[in-house]
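Here is how names work: the chains are called A, B, and so on, in the same order as the sequence lines, proteins then strands, and each is numbered from 1. Excluded from the calculations below are hydrogen atoms, water molecules and symmetry mates; all remaining heavy atoms, backbone and side chain alike, are included.
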Number of protein chains: 2
Amino acid sequence: MFSIGELSKRTKVKIPTIRYYEGMGLLAAPERTTGNQRRYDAAGLERLSFIKHARDLGFSIDAISALIELQDHPDRSCQAATAIAAGQLLDVRAKIKRLRTLEKELVRMSKGCDGDGVSQDCYVLASLADHDLCAHEH
Amino acid sequence: MFSIGELSKRTKVKIPTIRYYEGMGLLAAPERTTGNQRRYDAAGLERLSFIKHARDLGFSIDAISALIELQDHPDRSCQAATAIAAGQLLDVRAKIKRLRTLEKELVRMSKGCDGDGVSQDCYVLASLADHDLCAHEH
DNA sequence: ATACGATCTCTAGTGGCTAGAGGTTCAAGA
DNA sequence: TCTTGAACCTCTAGCCACTAGAGATCGTAT
């Protein structure tokens, strides 16, 4: 049995965030001391670790709720979990794609400008003002 | 002189967003009709296009404010604008790096799981539960 | 004159936390 | 046993960049 501070240290999840997860129903409300303080056990630690890990991988709270549902009902098929992970992968890939386009554009923008001169001639500002100067759609 | 709806159509920025930008001080408050409706001119259109373009490239509202400041004071050096763009580039690259790590991990996770079997054996759920099954730090 | 779409302001909600106020409890040392 | 001080409690508000909705008013075409 350990306190919320201890749980926070072990999982590297901040204390208000732990309480927030509890409020959201992601994390079961733990036992309390007579003085109303939370006391966690190994199960709480495991679950929070799971949540932390999934958040680090970019899963939304909703997706994590769904995954936890699946965890708690081992009779259900693994397909659903795999589908959620696949969705997350698509999401991540779409974000990468978009960011790579932005990266290219920003590199192009910065190259055009040697950092001298005044703003009228600044390629960065000119590029932002006029989309036609862009090489890619974004 | 055109309405906010017209401006919205031309820039593809939604009407509430335009008003939000005005409230934030990004976009100058335009003239009004006697009936209190906003009426924009070419300058407003240009500025909003600039903002839209910068937002599409991922610049924060703060960064855009700074860029607009520079635009409005052409006597200042272009270096500042270039620095902001460089910062944005670093940001974008950091995000890409992180997402690529996530992508690898998600691919690895999904591959371990053939979609059959029940949750106890689900590699997706197992991987999330146990960080040690991960190949990369994230 | 009337209809009706466009606009107005204002408030509240989104996601995923984070910060702070103001009060209570726990645990270690004297 | 008492005291101190860190840790904890709840509650509200704030962050970013919008988005949605209510309820009222305006503009324009017929």
Peer 1: Does dT7(C) have its OP1 or OP2 closer than 4.0 Å to a side-chain nitrogen or oxygen of R32(B)?
Peer 2: no

Peer 1: Please give, in whole Å, the distance from dG27(D) P to R38(B) CZ?
Peer 2: 13 Å

Peer 1: Separation of N36(B) atom CG from dG23(D) atom P, in whole Å?
Peer 2: 21 Å

Peer 1: I need the CZ-C1' distance between F2(B) and dG27(D), as an integer number of Å.
Peer 2: 18 Å

Peer 1: Let me spell it out: for each of G35(B) and K9(A), pick the nucleotide of DNA chain D with the closest heavy atom. Which residue's pick is nearer the 5' end?
Peer 2: K9(A)

Peer 1: Counting side-chain heavy atoms from CB outward, which of dG27(D), dC8(C), dC18(D) is closest to I4(B)?
Peer 2: dC8(C)

Peer 1: With a 3.5 Å distance limit and no angle check, can you tell me whether S8(A) reaches the backbone of I4(A) through a side-chain donor-acceptor pair?
Peer 2: no

Peer 1: Would you mind classifying the nucleic acid contact of F59(B) as base, sugar-phosphate or nothing, using non-hydrogen atoms under 4.0 angstrom?
Peer 2: nothing

Peer 1: Are the side chain of E31(A) and the backbone N or O of R38(A) linked by a donor-acceptor pair below 3.5 Å?
Peer 2: no

Peer 1: Measure from the side chain of Y21(B), starting at C-beta and using heavy atoms only, and say which of dC18(D), dC8(C), dT18(C) lies closest.
Peer 2: dC18(D)

Peer 1: For the side chain of R19(A) and the backbone of G23(A), is there at least one donor-acceptor N/O pair under 3.5 Å apart?
Peer 2: no

Peer 1: Does R19(A) reach a base, just sugar-phosphate, or nothing at all? Heavy atoms under 4.0 Å.
Peer 2: base

Peer 1: Can you tell me the distance, in whole Å, between the NZ atom of K14(B) and the C1' atom of dG21(D)?
Peer 2: 15 Å

Peer 1: Looking at S3(A), does any N or O in its side chain come under 4.0 Å of the phosphate oxygens OP1/OP2 on dA7(D)?
Peer 2: no

Peer 1: Would you mind telling me which of dC17(C), dC9(D), dC18(D) lies closest to the side-chain atoms of Y20(B)?
Peer 2: dC18(D)

Peer 1: Roughly, in whole Å, what's the span from CD in Q37(B) to C1' in dG27(D)?
Peer 2: 6 Å

Peer 1: Calculate the interatomic distance between I18(A) atom CD1 and dC8(D) atom C1'; express it in whole Å.
Peer 2: 12 Å

Peer 1: For F2(B), does the six-membered ring have the charged nitrogen or CZ of R39(B) within the cation-pi criterion, i.e. under 6.0 angstrom from the centroid and within 45° of the normal?
Peer 2: no

Peer 1: Kindly point out which of dC9(D), dG27(D), dC8(D) is positioned nearest to the side chain of T34(B)?
Peer 2: dG27(D)

Peer 1: If you check every side-chain atom of T33(B), which of dG16(C), dC26(C), dC26(D) has the closest atom?
Peer 2: dC26(D)

Peer 1: Between atom CD1 in I15(A) and atom P in dT10(D), what is the gap in whole Å?
Peer 2: 12 Å

Peer 1: Using the rule that Ile, Leu, Val, Met, Phe, Trp and Tyr join whenever any side-chain heavy atoms are under 4.5 Å apart, tell me whether L90(B) and L106(A) fall into a single cluster.
Peer 2: no

Peer 1: Hey, is the side chain of T17(B) poking within less than 4.0 Å of OP1 or OP2 on dT19(D), counting only N and O atoms?
Peer 2: yes

Peer 1: What is the separation between atom CD on E22(A) and atom P on dG16(C), rounded to the nearest whole Å?
Peer 2: 18 Å

